[in-house]
Amino acid sequence: MAITAEPDLEIADDAEGPARSRHIARRIVVILAGGWLLLVSVLALIAPLLPLEDPEERVGRVALRPGGEFRLGTDQLGRDILSRVIYGGRASLLIALLATVIAFVVGLALGMLAAYFRGAVGWVVVAIGDLGLAFPGLVLLLVLTSIEGGSIKILVIGLSILLTPTFMRLGRANTLIYVNREFILAAKGVGARPLRILVHDLLPNVIGPVAVYALAAGAHVFVIEGSLSYLGLGIAPPTPSWGSMIASGQRQLRTAPHIVIVPAVVLFLTVLSLNVLGDVRRGARQTTSSNTL
């Protein structure tokens with residue numbers, strides 16, 4: 001008995017070692033991703049209070065390399081890149097936040113209504129969602145920006161319309177999981193109103209899984225907004241955004257690559273951080289669900 005116990009303990013210790021290392025590495029990645037998003041958000045929020053140059057005015061020589069008076073250099077027009085990156089983050093974060101929140105709220109509400117009432121209501125909502133997913137979203141954004149011009153308002157409206165059908169499907173699918181559970185049937189049996197059941201009984205169970213996708217949706221918004229700005233259909237200059245900074249500096253890519261590299265790296269790290277946090281949160285929910293089952 002004693003002889004066989006020692007190898008079992010050794011095997012258990014060997015198995016726990018890699019798992020512990022992966023857990024520590026995952027925590028470090030999460031801390032770095034969350035720290036980066038917090039840094040970008042705080043800088044964007046307090047940008048007017050920081051000792052920054054006017055992001056739209058020429059303040060130095062053209063295409064100065066990073067270092068010295070201008071920590072990240074100047075762009076092709078002599079504007080401070082550090083200031084433009086921070087102020088560009090204000091626009092990009094605002095668009096991503098508003099578009100994701102609007103699509104999340106509208107899509108989740110419609111999806112829950114479709115799953116709860118079904119019948120004609122459910123059919124109409126499902127049909128609208130299918131049409132929205134079938135319609136090429138990029139074409140919609142190109143049409144809106146070409147007609148109305150690039151502005152935060154137009155981008156938020158277009159991106160919200162683009163994201164809402166996916167949130168509708170997720171809301172409907174997750175609501176269908178719970179709509180026939182015992183606690184919902186019991187609430188109906190005691191005469192609870194549909195609104196109360198939706199808000200107090202279904203919403204707390206449905207909102208979590210759908211909210212996980214919101215992180216990935218926010219990352220998607222950053223990429224789309226940057227792509228539109230790169231094509232000249234995003235936020236109108238001279239207002240800075242990360243995509244427009246990349247687009248305007250591409251002609252100086254060989255002689256002054258920092259003009260493109262700085263905003264591109266900031267955009268890349270922001271999108272990566274959102275995806276990392278979304279993946280971790282999704283994995284945590286799957287683990288919790290498995291343990292519950």
Side-chain angles (χ1 to χ4, degrees), residues 28-102 150-156 159 214-215 218-230 232 234-250 252-253 256-277:
I28 292 174
V29 171
V30 170
I31 291 172
L32 291 175
W36 173 258
L37 291 176
L38 180 62
L39 175 64
V40 171
S41 302
V42 170
L43 288 177
L45 184 64
I46 65 172
L49 305 177
L50 298 175
L52 298 172
E53 302 288 349
D54 189 329
E56 300 179 8
E57 297 293 332
R58 178 175 179 176
V59 294
R61 290 168 49 199
V62 172
L64 285 176
R65 294 189 179 277
E69 180 181 359
F70 304 103
R71 294 177 179 84
L72 296 180
T74 60
D75 65 4
Q76 71 281 358
L77 297 178
R79 297 171 296 191
D80 185 16
I81 291 180
L82 175 61
S83 177
R84 289 182 63 76
V85 165
I86 294 177
Y87 275 91
R90 289 171 63 89
S92 298
L93 286 170
L94 181 62
I95 292 171
L97 180 62
L98 289 178
T100 304
V101 170
I102 292 172
S151 67
I152 292 179
K153 178 182 177 181
I154 292 300
L155 289 174
V156 168
L159 290 167
L215 292 171
H220 192 48
V221 170
F222 273 107
V223 174
I224 295 175
E225 186 274 326
S227 301
L228 290 174
S229 297
Y230 182 83
I235 299 175
T239 303
S241 73
W242 294 338
S244 62
M245 291 176 67
I246 296 171
S248 61
Q250 62 180 338
Q252 286 76 29
L253 187 58
H258 67 281
I259 298 176
V260 173
I261 291 175
V262 171
V265 169
V266 172
L267 177 60
F268 168 76
L269 291 177
T270 303
V271 173
L272 178 63
S273 297
L274 286 169
N275 284 324
V276 166
L277 293 180

*What residue pairs, at least two apart or across chains, pass side-chain hydrogen bond (donor to acceptor under 3.5 Å, both in side chains) with a residue in residues 61-77?*
Asp75-Arg79, Gln76-Ser248
*Using the side-chain hydrogen bond (donor to acceptor under 3.5 Å, both in side chains) rule, collect all pairs that involve residues 44-53, keeping only residues at least two apart or in two chains.*
none
_Distance-minimising heavy-atom pair for Pro55 and Arg84_ = O-NH1, 2.7 Å
*When rounded to the nearest 0.5 angstrom, what distance separates OG1 in Thr239 from CD1 in Ile152?*
7.5 Å
*Please report the shortest heavy-atom distance between Thr100 and Ala214, naming the atom on each side.*
CG2-O, 3.6 Å
_Going by the rule side chain to side chain donor-acceptor pair (under 3.5 Å), which residues pair with Glu57 if we only count those two or more places apart in sequence or in a different chain?_
none
_Restricting to non-hydrogen atoms, name the atom on Ala96 and the atom on Val221 that form the minimum distance, rounded to 0.1 Å._
CA-CG1, 3.4 Å
_Approximate separation, where rounding is to 0.5 Å, of Leu93 CG and Glu225 CD_ = 10.0 Å
*State, to 0.1 Å, how close Val271 and Phe222 come at their nearest heavy-atom pair, and which atoms those are.*
CG2-CB, 3.8 Å
*asked:* Surrounding NE2 of His220 (heavy atoms of other residues, nucleotides or ligands, distance under 6.0 Å), is the total greater than 12?
replied: no
*Distance (rounded to the nearest 0.5 Å) between Leu52 CG and Ile86 CD1*: 4.5 Å
_Tyr87 OH to Leu50 CG distance, which is reported to the nearest 0.5 Å_ = 7.5 Å
*State the CG-CD1 distance between Leu253 and Ile259, to the nearest 0.5 angstrom.*
9.5 Å
*In Å, rounded to the nearest 0.5 Å, how long is the span from CG of Leu155 to CD1 of Ile95?*
4.5 Å
*Return the set of residues passing side chain to side chain donor-acceptor pair (under 3.5 Å) with Gln252 (not counting sequence neighbours), or none when no residue passes.*
none
_Minimum heavy-atom separation for His258 and Ala63, please, with both atom names._
CE1-O, 3.9 Å
*If you take all heavy atoms of Ala219 and Asn275, which pair is closest and at what distance?*
CB-OD1, 3.7 Å
*Show your reasoning for whether side chain to side chain contact (heavy atoms under 4.5 Å, CB included) applies to Ile81 and Phe70.*
CA-CA 8 Å; Ile81 291 180; Phe70 304 103; over 6 Å; no
Return all side-chain donor-acceptor pairs below 3.5 angstrom for residues 30-48, not counting sequence neighbours, or 'none' if the list is empty.
| unit_1 | atom_1 | unit_2 | atom_2 | d |
| --- | --- | --- | --- | --- |
| Trp36 | NE1 | Thr270 | OG1 | 3.2 |
| Ser41 | OG | Leu37 | O | 2.7 |

*Heavy-atom donor-acceptor pair, Arg90 side chain to Ser92 backbone, under 3.5 Å*: no
*Could you list the residues that satisfy side chain to side chain donor-acceptor pair (under 3.5 Å) with Asp80, not counting sequence neighbours?*
none
